[in-house]
Amino acid sequence: MLRSLLPALALAAGVLSGTPAMASGDAPMRIMPLGDSITAGVGVPGKDGYRLALQRALERAGERVDYVGSQKGGTDGDIDHEGHGGWTIDQLAEQTSDWVTTYRPDVVLLHAGTNNITLGEEPAAVAGKLSALIDRIRAAAPAARLYVATIVGTTVPSEVAANRAYNALIPGVVAGKGPLVRLVDQSAVDGLSIYDRHHPNAYGYARMAYAWYEGLRATIGPAWRIAADPDDTAFAYLCHYYTVRDCRWWQRRPVTTTVEGATVTSVQWQTRRYVPQAVQERVPGHYETVTKRVWVKGHHETRTVKKGTSKVWVKGRYADRLVRTWVPAATVTTTRPVLTWVSS
């Protein structure tokens, strides 16, 4: 393992460089996943979120992992975390110092601000709160490495602009916090990676785990093995829940479009759905029974009266009648569901 090799030299290197070394020897890396329901893993069965995939990636790289926090959730692996569903940065800030002091993490993975944006707060104000939260964590654990994420995307149209504006401010916040605070971009977890407007699906959480791993590998374990990138797959079983739960296979396919008169081909995720389309069909000649308005000639009609029967004259008139008629063969345009590759 990386930290089991010459732990004394590693500690000395940390002191000399001004960068505290990670836990040495056989001690596991203590990681605190910190944030809201996305950290808790909402959106996938079992609520493992990104945590289980990240743990397995780190273990394959030779690292022992000890997730720490006051919360528990998941179906496998280390289930400790500090993800709190529905919490804003303000609420996290009230208790983060105590959590960090109690659990003494070597690494903190911070993903926060989604609920502030959902509540309609101004992105600049949310970024200011994030900056203050980072300061609290640094004060409580000055030797810990802190990885701050841009937040995952949203499929709520009214929140998209604020989500992106907040993410654009986060790199500037992180840049002024010192060498132990690093940015991890999670904003690419968007679109088809989102399950229910705010929370990732299994594919989205796999992408989050990969981004966290790469952030850790770049700063702690440059010798770690390269993990499999979820975006390299050609097929994925994606679930979404907007109005109803919809789970289906998606495939990366080349899609050709015209942009400003130029033909452009790009690879996109697509799936097959039944889509109403206008199609031409040849209808052979056939008989049909139809209702027609026809002229009925005047005629005598026998009717029952009080003194018996009597013949009366009925005037000619138009009346609706069922008539069997021949319809010639023809090509017609009709709309019917057609199984089609679509991008949404």
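Applying the salt bridge (Lys or Arg N to Asp or Glu O under 4.0 Å) definition to pairs two or more places apart or across chains, those involving residues 82-95 are Asp90-Lys129. Pairs engaging residues 70-180 under the disulfide bond (SG atoms under 2.5 Å apart) rule: none recorded [sequence neighbours left out]. Pairs passing the disulfide bond (SG atoms under 2.5 Å apart) check and including a residue from residues 305-344, sequence neighbours excluded, do not occur. Sorted by first and then second residue, the salt bridge (Lys or Arg N to Asp or Glu O under 4.0 Å) pairs with a member in residues 253-263 form an empty list; sequence neighbours excluded. Residue pairs meeting the ring pair (Phe, Tyr, Trp, His ring centres under 6.0 Å) criterion with at least one member in residues 166-209, sequence neighbours excluded: Tyr203-Trp269. Among residue pairs with one or both ends in residues 77-138, none qualify as disulfide bond (SG atoms under 2.5 Å apart); sequence neighbours excluded. Contacts classified as ring pair (Phe, Tyr, Trp, His ring centres under 6.0 Å) and involving residues 42-83 (residues at least two apart or in different chains) are given here: Tyr50-Trp212. Pairs passing the ring pair (Phe, Tyr, Trp, His ring centres under 6.0 Å) check and including a residue from residues 319-344, sequence neighbours excluded, read Tyr287-Trp326. Applying the disulfide bond (SG atoms under 2.5 Å apart) test to residues at least two apart or on different chains, the pairs with a partner in residues 180-289 are Cys239-Cys247. Residues in residues 150-164 take part in no salt bridge (Lys or Arg N to Asp or Glu O under 4.0 Å) pair, two or more places apart or across chains.
The side-chain tip of Arg252 does not point at the ring of Phe235 from less than 6.0 angstrom away and within 45° of straight on.
Here the rule is side chain to side chain contact (heavy atoms under 4.5 Å, CB included) with Met32, and of Thr39, Val68, Val107, Thr96 only Val68 fits it.
Crowding of Gln277 atom CD: a count of heavy atoms from other residues, nucleotides or ligands under 6.0 Å exceeding 12.
Partners of Arg317 according to the salt bridge (charged side-chain N to carboxylate O under 4.0 Å, His left out) rule, which considers only residues two or more places apart in sequence or in another chain, do not exist here. The salt bridge (charged side-chain N to carboxylate O under 4.0 Å, His left out) check on Asp98 picks up nothing, with sequence neighbours excluded.
A salt bridge does not link Asp106 to Arg30: none of the charged nitrogens lies less than 4.0 Å from a carboxylate oxygen.
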